[in-house]
Amino acid sequence: MSRPEDILPPDLYYNEPTSKKYTTNSRIRTIQASMTHRALSLLSLTTPSLVLDIGAGSGLSGQILSSVPTSAGGPHTWIGLDISASMLAVALEREVEGDLLLADAGQGLGFRAGTFDAAISISAVQWLCNAESSEETAPQRLKRFFDSLYVSLKRGGRAVCQFYPRDERQKKMVADAAIRAGFGAGLLEDGAGTKGVKVYLVLTAGETG
Amino acid sequence: MKLLTLNFLTCARKACKPLPTSFPLHPADATLATTETAFSPAFLRNILPRLDWPALKGLCDELGLPGVGDEAPGPEALFEDGELPESDEDIVGEIEAGKRPTKLAHDLHQLLVETVMLEGKLVCASCGHEYAVKEGIANFLLPSHLV
Ligand SMILES: [Zn+2]
């Protein structure tokens, strides 16, 4: 199977028919939901929080953040960003509760320091590795993303990014970029060595900036 | 887009980031609306110390909304002793037993969470860049020469 990020940049790949397909495909939905729950458990939030969702798409993960029950420390308020306008249009149609921004995480995030309690990203960070224009490289885009993510998290805040690295080299490139931005970082792999392996980059923004 | 979010958005241009005038962004030609949202005083308690109060006050002035006080209230101002009234039985998020949300908590919920900007633009006072807002979604995509 070809990887979607090898075909087209995400704003073109997730055009209207693809966005709808992605959102209604029940197998994708189930996997996306279980990865969101896993990421949430790694964030260990105990009180209603402000959460950034990078690559929020049609709001599947966000809806889970909105529906965390009071007994489990929720519900959380979220701001989601995505580079695909048609994905966000599907989110609008589904009347998700979070705020949506059309933005490219590879350009850096426009939030002031210490905005978020936590951040989550499901199946998005690998897109930052394909630099489309001749003007920018994958390391530049990763640097802008992780540097600005580090600043926009409150001190001690956590981010969990599930992503699909193309290979070991790319996995290392992503983790190294996060560490260079100042994060404490760990890679967690569910189902390591199997075809369904899920990679989570677990990041903590340290106490000193 | 909630007014809450506007309290955290800055100009995304790298050249503007270090400048104090890159925050807050200023609304122009704004169309506002109200969306009913579950009331979570516990969320307000969490977020209140992080708000930039002068920016919130300025935003209310610019949008012609009833102002907020000059002084940022502390989280304790959101709760008072007493039984939870029936009208608050559907609140979400955990609050201490024997406490109920104050009028200030309700007012802030209405202002920050339920008041949304549907259309218009957000203008950076530093570089003049205008971020368009359509159907509540702000467009932060920058042409590559501005990144
Ligand atoms: Zn600017």
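Since this is a predicted model, take the numbers as computed values, not measurements. So you know, we letter chains A, B, ... as the sequences are listed, proteins then strands, and number each from 1. We use all heavy atoms of the structure for the numbers below, so side chains are in, but hydrogens, waters and symmetry mates are not.
When atom types are taken as modelled, the side chain of B:Glu94 and the backbone of A:Thr47 share no donor-acceptor pair closer than 3.5 angstrom.
Only the side chain of B:Lys17 comes within contact range of chain A, with heavy atoms under 4.5 Å apart. Only the backbone of A:Leu109 comes within contact range of chain B, with at least one heavy atom under 4.5 Å from a heavy atom of that chain. Both the backbone and the side chain of A:Leu101 come within contact range of chain B, judged by heavy atoms closer than 4.5 Å. In this structure, the portions of A:Leu50 lying under 4.5 Å from any heavy atom of chain B include both its backbone and its side chain. Using a 4.5 Å cut-off between heavy atoms, B:Asn46 contacts chain A through its side chain alone, with no backbone atom that close. Contacts of A:Ser49 with chain B are made by both backbone and side-chain atoms, with heavy-atom separations under 4.5 Å. B:Phe8 touches chain A through backbone and side chain together, each having a heavy atom under 4.5 Å away. If you measure heavy-atom distances from B:Ile47 to chain A, the contacts under 4.5 Å come from the side chain alone.
Heavy-atom minimum distance, B:Leu141 versus A:Asp104: CD2-N, 3.5 Å. The two residues B:Gly93 and A:Pro75 have their closest heavy-atom pair at N-CD, 3.8 Å. Closest heavy-atom contact between A:Glu97 and B:Lys2: O-NZ, 2.7 Å. Taking all atoms of both residues into account, the shortest heavy-atom contact from A:Asp117 to B:Arg50 is OD1-NH2, 2.7 Å.
In terms of non-hydrogen atom pairs under 4.5 Å with chain A, the most contact-rich of B:Val116, B:Thr35, B:Asp52 is B:Asp52. Between chain A and the residues B:Val113, B:Asn7, B:Thr37, the most heavy-atom pairs under 4.5 angstrom are made by B:Asn7.
The number of heavy atoms from other shown groups lying within 6.0 Å of CD (B:Glu62) is above 12. The 12-atom threshold is not exceeded at NZ of A:Lys143, counting heavy atoms of other residues, nucleotides or ligands nearer than 6.0 Å. For B:Glu80, the CD atom counts as densely surrounded, since its 6.0 Å shell holds more than 12 non-hydrogen atoms of other residues, nucleotides or ligands.
Residues A:Leu102 and B:Phe140 fail the side-chain proximity criterion, which asks for heavy atoms closer than 4.5 Å. Side-chain contact between A:Arg112 and B:Leu9 is absent, with no heavy atoms from C-beta onward closer than 4.5 Å.
With hydrogens and angles left out, the side-chain atoms of B:Thr5 and A:Asp99 include a donor and acceptor closer than 3.5 Å.
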Is there a side-chain contact (heavy atoms from CB on, under 4.5 Å) between B:Val147 and A:Arg144? Walk through the geometry before answering.
CA-CA 10 Å; B:Val147 174; A:Arg144 277 196 221 108; 3.5 Å; yes

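With rounding to the nearest 0.5 Å, the separation of CD in A:Gln107 from CZ in B:Arg13 is 11.5 Å.
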